[in-house]
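Structure, as structure tokens:
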Amino acid sequence: MGPEQWEARLREIAPELIEEISARKEPAKGLQPLEGTEGGVVMRFAPNPNGPPTLGSARGIIINSEYVKMYGGKFILRFDDTDPVNKRPMIEAYDWYIEDCRWLGAEPHEIVAASQRVEKYYEVAEALIRRGGAYVCLCEQAAFKSLKDAAMPCPHRDHTVDENMELWNKMLDGSFKEGEAVLRVKTDIKHKDPAIRDWAGFRIVTKSHPLVGDRYRVWPLLDFESAVEDHLLGVTHILRGKDLIDSERRQRYLYDHMGWVYPRVLHWGRVKIFQFGAFSTSKLRKAIEAGEYSGWDDPRLPTVRAVRRRGITAEALRKFMIDLGVGETDISISMDSIYAENRRIVDPIANRRFFVWDPVEIEIEGDVPEVAEAPLHPTIDRGTRKIRAGNRVLLCREDVVELKPGSMIRLKDLCNIEIKEVSPLRAELIDLSPETAKRLRLRIIHWAPVDGIPVRVLGPERIDTGIGEHGISDELDRIVQFERYGFVRIDSVGEEVVAYFAHR
RNA sequence: GCUCCGGUAGUGUAGCCAGGUCAAUCAUUCCGGCCUUUCGAGCCGAAGACUCGGGUUCAAAUCCCGACCGGAGCACCA
């Protein structure tokens with residue numbers, strides 16, 4: 001029976017199945033559904049606050065919070081700040097995360113910091129020791145590694161519960177120095193994957209912590225802290241990078257020892273952004289400290305605060321991240337897609353303004369109006385703005401270089417002119433009518449008043465300076481479109497206007 | 001070396017679990033046209049992909065095996 005006969009036969013005996021087959025392949029919209037969501041979900045975003053949120057963090061914040069919006073429940077912001085040395089938290093970054101979560105439309109329902117809950121981890125550690133699920137290991141790091149790689153237990157693995165309790169208390173009371181003892185979670189020392197074998201749950205760190213100072217000298221490692229917190233917070237679904245894919249397998253041993261139920265887990269791959277390349281918070285931090293960037297919101301940086309300053313909207317970011325979804329493949333994304341989303345959102349709300357970069361003065365003979373009146377938006381009626389004009393205005397050098405005596409152009413919303421001389425640049429007024437320009441198919445270029453306001457545009461790739469129409473000063477903190485240039489956010493006004501470039 | 005995961009247009013993404021209407025979705029990008037007092041926006045159109053090889057099946061992007069390619073973990077980092 002061939003496919004056609006098969007279908008004919010099926011149509012005879014069970015036509016409803018044909019519809020079912022077709023219906024199932026409808027394209028999915030938005031995020032993929034989660035399983036086990038009856039009664040809502042509890043999800044967390046768990047960064048180490050060693051810098052501000054990046055676009056990578058934004059993905060975590062947005063997707064987690066979006067699922068909570070979909071199913072109801074709780075979105076938790078949890079600081080996994082348990083390393084005062086290698087990935088030392090920044091005290092300002094705690095607030096940055098809260099701030100950026102809010103801005104991204106992901107107000108956390110609960111905020112916790114691991115460093116303030118170390119006591120709770122101690123309780124679990126002790127319970128775990130009593131259940132025989134953990135032991136204090138006094139091996140040197142390298143010595144343990146070779147044993148582990150050979151699937152051999154270390155001598156401390158057989159300690160009794162009492163011995164372990166005693167050693168654990170000695171870890172806590174300061175009898176051991178840094179590096180002399182760790183608490184290991186007992187898994188399967190012969191596990192076929194070496195990554196799973198008896199992992200360290202606590203180590204001794206004497207350096208003071210930016211948030212809690214010298215309160216603790218025994219600190220949990222990520223796998224321990226995160227496993228315990230997820231349980232304590234009642235997390236139902238975990239979304240984490242696939243670099244943490246082994247965490248689940250490690251942590252399940254802890255859960256089994258304690259009789260807990262492990263949350264459902266989804267992983268995603270690494271994200272690389274073309275325009276920024278691979279970036280890590282620690283690398284950025286070094287570059288900033290070295291003065292290579294003006295700060296964490298330098299327009300060249302892929303941080304949430306930097307793109308916000310440039311006028312990228314939270315809505316665009318949300319839309320983009322949700323569209324991206326959750327996949328285990330490593331991906332390279334282009335800012336172009338984010339820009340496209342943002343343009344859609346910003347285009348209807350952004351006023352149009354003239355900004356002339358690299359300005360050149362032109363003298364126009366004739367009755368040029370002293371003031372031009374131009375619409376604030378080309379298609380939405382939002383009224384007009386007045387721009388000072390007259391017989392001398394400024395043009396962009398890149399437009400000027402194309403002019404020859406005899407060239408005719410239209411100055412947008414002002415007049416049509418014919419070039420008489422290029423150096424110095426001089427022209428004669430033809431008339432004011434847009435119809436003339438249309439009929440003669442004149443190039444339409446923008447311009448600025450000679451006494452306009454100095455503007456500096458800081459962008460991810462370059463800085464442009466020039467002169468803009470005066471009305472730009474009224475647009476503080478708003479997103480405007482500099483005609484024939486692109487969308488910018490007006491960052492400060494004064495003697496000079498500083499704008500941050502978003503995209504074309 | 002040991003363990004695990006993934007590979008759909010330039011870039012992302014849907015479809016894969018439950019094989020058939022998949023000549024494969026949507027977006028972005030690029031190209032062409034229309035429109036427009038911006039090189040913007042909008043509208044219309046076009047291009048462009050199931051990594052490869054076997055197997056199972058009437059039927060494979062979908063299931064199985066292998067290869068290749070890519071990624072991750074094997075820290076007293078997160």
Side-chain angles (χ1 to χ4, degrees), chain A residues 1-7 10 17-19 21-22 24-29 32 46-48 50 80-83 85-87 89 137 139-141 144-145 148-149 151 178-184 191-197 199-205 219 221-223 225-226 241-247 249-250 267 269-270 274 280-282 319-320 323-325 327-334 336-341 343-344 347-348 350 352 354 374-375 377-379 399 410-414 416 433-435 437-438 442-446 481-487 504:
Chain A
M1 196 165 27
E4 296 78 16
Q5 289 101 322
W6 176 91
E7 190 188 328
L10 183 60
L17 285 184
I18 299 212
E19 282 174 36
I21 287 164
S22 321
R24 206 195 295 150
K25 300 266 172 143
E26 286 303 308
K29 278 243 189 307
Q32 299 290 293
N48 176 17
N50 60 342
D80 284 350
D81 56 346
T82 54
D83 183 356
V85 182
N86 300 303
K87 299 212 168 161
C137 172
C139 292
E140 277 187 28
Q141 201 171 344
F144 183 84
K145 180 172 164 52
K148 181 205 69 180
D149 286 344
E178 227 170 89
E180 283 183 347
V182 295
L183 184 75
R184 289 192 184 280
H191 195 286
K192 62 176 181 169
D193 185 349
I196 309 303
R197 299 170 191 161
W199 48 277
F202 287 85
R203 85 300 208 182
I204 297 167
V205 181
W219 283 92
L221 285 133
L222 177 72
D223 277 328
E225 176 269 326
S226 156
K242 70 174 184 180
D243 49 323
L244 260 33
I245 212 156
D246 287 333
S247 278
R249 285 191 283 263
R250 281 193 284 260
H267 296 105
R270 287 187 78 85
F274 283 136
S280 74
T281 306
S282 7
K319 171 85 170 48
F320 176 79
D323 207 47
L324 210 55
E328 278 197 37
T329 0
D330 295 336
I331 54 175
S332 294
I333 57 175
S334 169
D336 286 345
S337 302
I338 295 177
Y339 295 158
E341 294 297 350
R343 196 177 293 120
R344 222 191 306 286
D347 181 73
R352 269 49 176 178
F354 285 164
H377 194 278
T379 53
D399 288 325
R410 173 160 182 84
L411 301 185
K412 191 167 188 280
D413 301 306
L414 181 62
N416 307 313
S433 152
E435 279 68 38
K438 207 174 215 169
L442 298 189
R443 245 168 81 67
I444 298 162
I445 66 174
H446 71 291
Q481 188 199 47
F482 286 164
E483 294 203 40
R484 301 175 69 227
Y485 183 81
F487 291 92
R504 288 196 62 86

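Note that the structure is a prediction, hence the values are computed from the model and not measured. So that the names make sense, note that chain A is the first sequence line, chain B the second, and so on, each numbered from 1.
Under the rule for a side-chain contact (heavy atoms from CB on, under 4.5 Å), A:Gln141 has no partner lying at least two apart in sequence or in another chain. Applying the side chain to side chain donor-acceptor pair (under 3.5 Å) criterion to A:Arg410, with sequence neighbours excluded, gives A:Asn416. Looking at residues two or more places apart in sequence or on another chain, you find a side-chain contact (heavy atoms from CB on, under 4.5 Å) between A:Asp347 and A:Arg352, A:His377, A:Phe487. Residues passing the side chain to side chain donor-acceptor pair (under 3.5 Å) test with A:Lys412 are A:Glu483, sequence neighbours excluded. Contacts of A:Asp330 classified as side-chain contact (heavy atoms from CB on, under 4.5 Å), with partners at least two apart in sequence or in another chain: A:Lys242, A:Arg270. Listed by chain and number, the residues in a ring-ring contact (aromatic ring centres under 6.0 Å, His included) with A:Phe144 amount to none (sequence neighbours excluded). Contacts of A:Glu225 classified as side-chain contact (heavy atoms from CB on, under 4.5 Å), with partners at least two apart in sequence or in another chain: A:Arg78, A:Asp80, A:Thr82, A:Ala114, A:Tyr121, A:Pro220, A:Leu222, A:Glu229. Legend: residues meeting side chain to side chain donor-acceptor pair (under 3.5 Å) with A:Asp149, ordered by chain and number and at least two apart, are A:Lys145. Every side chain to side chain donor-acceptor pair (under 3.5 Å) that A:Lys319 has, sequence neighbours left out, goes to A:Glu341.
Residue contacts shown for A:Pro47 are absent, as no nucleic acid heavy atom lies under 4.0 Å away. Across all strands, A:Asp243 comes closer than 4.0 Å to base atoms (heavy-atom distances). Using a 4.0 Å heavy-atom cutoff across all strands shown, A:Asn416 reaches no nucleic acid atom at all. Looking at heavy-atom distances under 4.0 Å, A:Ala437 makes no contact with the nucleic acid at all. Residue contacts shown for A:Thr82 are limited to sugar-phosphate atoms, with no base heavy atom under 4.0 Å away. Contact annotation for A:Asp413: base contact, defined as any heavy-atom pair under 4.0 Å involving a base atom. Within the nucleic acid shown, A:Leu244 comes within 4.0 Å of at least one base atom, counting heavy atoms only.
Nucleotide B:C74 holds its C1' atom 12 Å from the NE2 atom of A:His191, rounded to whole Å. Residue A:Asn50 contributes atom CG, which lies 14 Å from atom P of B:C77 at whole-angstrom precision. As a whole-Å value, the separation of A:Arg184 CZ from B:C74 C1' is 13 Å. The nearest whole Å value for the distance from the CD atom in A:Glu341 to the P atom in B:U29 is 10 Å. Atom CD1 in A:Ile444 sits about 7 Å away from atom P in B:U37, given to the nearest Å. The interatomic distance linking A:Phe482 (CZ) with B:U38 (P) rounds to 18 Å, in whole Å. Atom CG in A:Asn86 sits roughly 11 Å away from atom P in B:C76 (whole-Å rounding). Remark: P of B:A27 and NZ of A:Lys319 are 9 Å apart, rounded to the nearest angstrom.
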Seminar exercise, completed: Quick tally for nucleotides 4-13 of chain B: nucleotides whose base has a protein heavy atom under 4.0 Å get B, sugar-phosphate-only ones S, the rest -, giving SSS----SSS

Problem set entry | Dot-bracket notation for RNA chain B, counting Watson-Crick and G-U pairs under 3.5 Å, with | for partners on another strand | (((((((..(((.......[.....)))..((((.......)))).....(((((..]....))))))))))))....

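At B:C76, none of the side-chain N or O atoms of A:Lys145 fall inside 4.0 Å of OP1 or OP2 (strictly under the cut-off).
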Give each protein N/O atom lying under 3.5 Å from an N/O atom of nucleotides 41-48 of chain B, with the pair distance.
{"from": "B:A41", "atom 1": "O2'", "to": "A:Asp347", "atom 2": "OD2", "distance (Å)": "3.2"}

